[in-house]
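Note that the structure is a prediction, hence the values are computed from the model and not measured. In what follows, chains carry the letters A, B, and so on, assigned in the order in which the sequence lines appear, proteins first and then strands, with residues in each chain numbered from 1.
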2 protein chains.
Amino acid sequence: MELTEARQKFIEAWGKLGSEWGINRTMAQVHALLLITPEALTTEEIMEQLSISRGNANMTLRDLISWGLVEKQLKQGERKEYFYADKDSWNIARQVAKERRKRELDPIIKILDELSAVKGNEKDADYKTFHKSVTDINKLAKNVDKTLETMLKADESWFWKSILKVFK
Amino acid sequence: MELTEARQKFIEAWGKLGSEWGINRTMAQVHALLLITPEALTTEEIMEQLSISRGNANMTLRDLISWGLVEKQLKQGERKEYFYADKDSWNIARQVAKERRKRELDPIIKILDELSAVKGNEKDADYKTFHKSVTDINKLAKNVDKTLETMLKADESWFWKSILKVFK
DNA sequence: TTAAACTTTCAAAATATTTTGAAAGCTTCG
DNA sequence: CGAAGCTTTCAAAATATTTTGAAAGTTTAA
């Protein structure tokens, strides 16, 4: 297989994977493109390489930035914005876990807490099943939450690494 | 909050969570309904409680069965099929992990293996970045795969538990 | 200030996904 | 066998999501 074809395949595969996990296909594809591109790209270049509109490119890039997966780069004496993706797969995974925890796990735990607190008649099979399922899932969700927190915190020594880098 | 309202909220929340993770909203809602219902339900009852069509209910239930989250129950002397969801949250998580691994992780690893094998000019920055990103993600994916496999296997002692149950 | 170079917005259009429901298929029973 | 009772199918309709692109907004430089 040739590089051009392989790059294309990677972009497609990443896009498909993304959409299977509730991430917009284009967002995943832009991310893929930036992952396999050594330099930072402009909106224009991204639009062209993926054949997407300016509006789409712009929105998608902002989303990627809000997910912490892509960053803007400003080049000396240029007005254009360049976009660059962190290529460390562990950072990517960490970042995605962090965001999904914040965006989805935390809110569902909040709801499950409320629902776990609902009182009812212990003799009522409906109530008993409801209560058991909800508290059970709540416990599991909290376990996952704690585990993620620990993993993410532990790895935040990355923070110090990046600080240290500045001084090298 | 009252039980009826709470049940409704749970169904909504589960549906929303599902759709954020690439699972059809209705599928998640049917699953939610079965999770908080002590007895097995018929298609008819599910259609009514969630106000969905027969076709939708049927498809959704078949999907849930193929995900291993719901099972059919046949009752003595009745022709109707009843549907019942396993209420053990750990089993649910295990089952989802197992299926997504099979459906999504395995295929992407296969593609990444192919793409990792693509040869190119080591002096070419594009090639180098492509190759590094792809092999890197491939390694991570394989790690996740191995970890899941180990976890799922370890837990298959559940298998023996269920066998033993039959003899009690 | 003005104009050029970019970026952002958002309503409408395009696309993709989900849902419907009527018809066709089974299976069982009399 | 025929019909009743259920389940499955699938094309069309409804809905939801994504994408477009032109216009508005912003920033910089002269």
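Separating the CD1 atom of B:Ile65 from the C1' atom of D:dT7 is a distance of 12 Å, rounded to the nearest angstrom. Protein atom NZ of A:Lys75 is 17 Å distant from nucleotide atom C1' of C:dA5, rounded to whole Å. Going from atom CD of B:Glu45 over to atom P of D:dT7 covers 11 Å, rounded to whole Å. Note: CZ (B:Phe83) to C1' (D:dC6) measures 11 Å, nearest angstrom. Rounded to whole Å, the distance from CZ on A:Arg62 to P on C:dC6 is 19 Å. Look at CD1 on A:Ile46: it is 14 Å from C1' on C:dC6, rounded to the nearest Å. In this structure, CG of B:Leu41 is placed 13 Å from P of D:dT7, rounded to the nearest angstrom. If you take CG of A:Asn58 and P of C:dA5, they are 19 Å apart, rounded to a whole angstrom.
Looking only at distances, no side-chain donor or acceptor of B:Lys132 sits under 3.5 Å from a matching main-chain atom of B:Phe130. Under the 3.5 Å distance criterion, the side-chain polar atoms of A:Ser133 are matched with a main-chain donor or acceptor of B:Leu35.
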Readout for nucleotides 24-30 of chain D: B = base within 4.0 Å of protein heavy atom, S = sugar-phosphate only, - = neither; 5' to 3' it is ---BB--
Where protein sits on nucleotides 16-22 of chain C, one letter per nucleotide: B base, S sugar-phosphate only, - none, heavy atoms under 4.0 Å: --SSBB-
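Judged by a 6.0 Å distance limit and a 45° cone about the ring axis, A:Lys87 is positioned over the six-membered ring of A:Tyr84. Under the 6.0 Å distance and 45° angle rule, A:Arg62 does not count as a cation-pi partner of A:Trp67.
Between the side chains of A:Glu45 and A:Thr42, at least one donor-acceptor pair of N or O atoms lies under 3.5 Å. Between A:Arg54 and A:Asn58, the side chains place no donor N or O within less than 3.5 Å of an acceptor N or O (distance only, hydrogens not considered). Side-chain contact, A:Asp113 with A:Asn138: a donor N or O sits under 3.5 Å from an acceptor N or O.
With salt bridges taken as basic N to acidic carboxylate O contacts below 4.0 Å, none links B:Lys102 and B:Asp106.
Across all strands, A:Glu44 comes closer than 4.0 Å to no nucleic acid atom at all (heavy-atom distances).
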From CA spacing to verdict: side chain to side chain contact (heavy atoms under 4.5 Å, CB included), A:Leu33, A:Ile46: CA-CA 8 Å; A:Leu33 173 62; A:Ile46 292 165; 4.3 Å; yes
